[in-house]
Amino acid sequence: MKNLLLLAAALPAFAFAAPADDTAKLRDAALNDTLALEIVEGLTTEVGPRLAGTEAEARARNWAMKRLKALGFANVRIETFDMPVWVRGAEKAFITVPFGQELKVTALGNSGATPETGLSAEIVAFDSVDALKAADPAKVRGKIVYITHRMTRTQDGSSYGQFGAPRRAGPSLASKMGAAAIVVRSIGTDHSRSPHTGVQTWADGATPIPAGALSTVDADLLERVVARGKPVTMTLTLTPRQTGIHQSGNVIAEVLGSDPAAGIVLIGGHLDSWDLGTGAIDDGAGVAITTAAAKRIMESGRKPKRTIRLVWFGAEEVGLFGGIAYAKSHAGERHAVASESDFGADRVWRFDAALPPEAKAVTERLKLALAPLGIAKGLDVAEGGPDMGPIVTTGVSAVDLQQDGTRYFDLHHTPEDTFDKIDPVQLRQNVAAWTAMLDVLANAPENLIKSTSK
Ligand SMILES: [Zn+2]
């Protein structure tokens with residue numbers, strides 16, 4: 001009797017949740033997914049690099065529209081927004097004194113330009129941004145600042161935040177101290193001659209100066225030359241330019257749910273990429289994984305409770321313009337939970353979930369659904385991913401499927417970010433994880449909307 005009562009009490013909660021074996025079936029079927037690989041192959045082959053605000057990114061949006069419509073999603077549309085656009089020019093670097101050596105260099109986002117014929121100046125080297133900060137500005141004025149770092153590989157990618165300062169803070173500081181230009185050691189963990197680009201924005205009062213990243217191997221070479229203790233002169237040519245305000249956009253598609261009051265499950269990745277590679281791991285993989293998973297829920301034979309809204313964000317790399325535009329134009333809607341895939345294509349190894357207290361059982365169901373894929377529960381805080389940041393900070397719940405980042409920063413923002421780097425087996429594990437997560441979140445009978453949500 002007691003047991004029966006318990007069972008009866010449990011029924012209302014679980015009768016409408018995704019039954020665990022249904023979720024398991026969808027998850028396991030997704031381990032044979034072919035769609036995610038097709039999408040990232042198609043995008044990298046038929047479009048290629050997709051720098052934000054350029055004609056290439058517009059072509060990518062049209063490609064995405066066509067593909068998402070053909071896949072059968074509802075309400076496929078483009079929401080445009082305007083943004084400032086920066087494009088790369090020539091890039092060359094040579095040590096001229098005391099030894100002639102060519103170095104592989106690439107401009108950082110928003111870099112200023114040298115004359116077409118280049119700029120020659122003495123190198124002044126620092127092992128951190130703090131060391132530059134502490135330097136006598138007289139020793140920096142008119143020189144080319146070089147900053148190194150000791151980034152190591154980490155599974156969770158945490159070293160990117162810690163060791164990214166030379167790229168993010170170095171250029172503005174060097175400019176304010178009167179430097180002629182700056183080159184940093186690429187923010188990467190590889191040993192190759194492919195430099196890593198990435199955005200940096202000029203702090204208030206900082207005049208744009210030429211700002212580049214040397215490949216890690218050429219950074220090593222420059223450091224060996226500097227260690228000889230003699231003055232070192234570099235000739236640097238970087239001729240990027242700002243082209244003014246142009247259009248970018250988010251491509252949106254939906255799997256319609258049955259209960260609008262339960263809120264939207266917002267997922268996606270970013271469609272734009274840096275211009276050096278073809279944007280396979282960053283972030284063709286992310287849009288492919290989330291699209292393949294959403295398509296599996298759409299075809300599961302059961303209409304989800306919540307609408308799944310899939311966004312292929314524009315202009316992430318150069319300043320999160322797509323995420324900011326989305327949060328602004330969709331502020332009035334009920335978002336239940338947000339999650340983005342933007343850390344490559346390698347396997348998910350951990351999940352972090354920040355759901356309301358009454359949704360504890362949802363986190364438990366996620367645990368059960370993800371454990372067979374080798375995914376463990378991590379933190380009770382989740383950020384949702386870069387493009388989700390602006391909407392998550394308004395109080396929307398978030399879940400993060402953390403991907404293995406051990407080799408991510410070997411390829412990140414380099415010419416090596418190409419389709420061949422995608423491991424199909426690990427990509428399919430991602431689709432399986434996302435499918436299981438979506439099935440649990442989109443069908444959870446519990447409230448997922450935080451009471452603090454604005
Ligand atoms: Zn990215």
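Sequential numbering from 1 along the given sequence is applied to the chain's residues. In each ligand, atom 1 is the first atom listed, and ligand 1 is the first ligand listed. Side chains included, hydrogens not; waters and symmetry mates left out as well; all remaining heavy atoms used.
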Charged N to carboxylate O below 4.0 Å: is that the case for D130 and K133? yes

Decide yes or no on side chain to side chain contact (heavy atoms under 4.5 Å, CB included) for L236 and E91, but give the supporting numbers first. CA-CA 8 Å; L236 180 67; E91 2 201 62; over 6 Å; no

Scan residues 322-331 for pairs that pass side chain to side chain donor-acceptor pair (under 3.5 Å), counting only residues two or more places apart or in two chains. E79-H330, R309-Y326, R309-H330, Y326-H335, H330-E333

Output every pair passing side chain to side chain donor-acceptor pair (under 3.5 Å) with a member in residues 200-215, not counting sequence neighbours, ordered by first then second residue. S215-D218

Between S194 (side chain only) and T414 (backbone N and O only), is there a donor and an acceptor less than 3.5 Å apart? no

Could you pull out the N/O/S protein atoms under 2.8 Å of the Zn ion (ligand 1), ignoring any water? H270 NE2, D282 OD1, D342 OD1, D342 OD2

Excluding sequence neighbours, so at least two apart, what forms side chain to side chain donor-acceptor pair (under 3.5 Å) with D420? T418

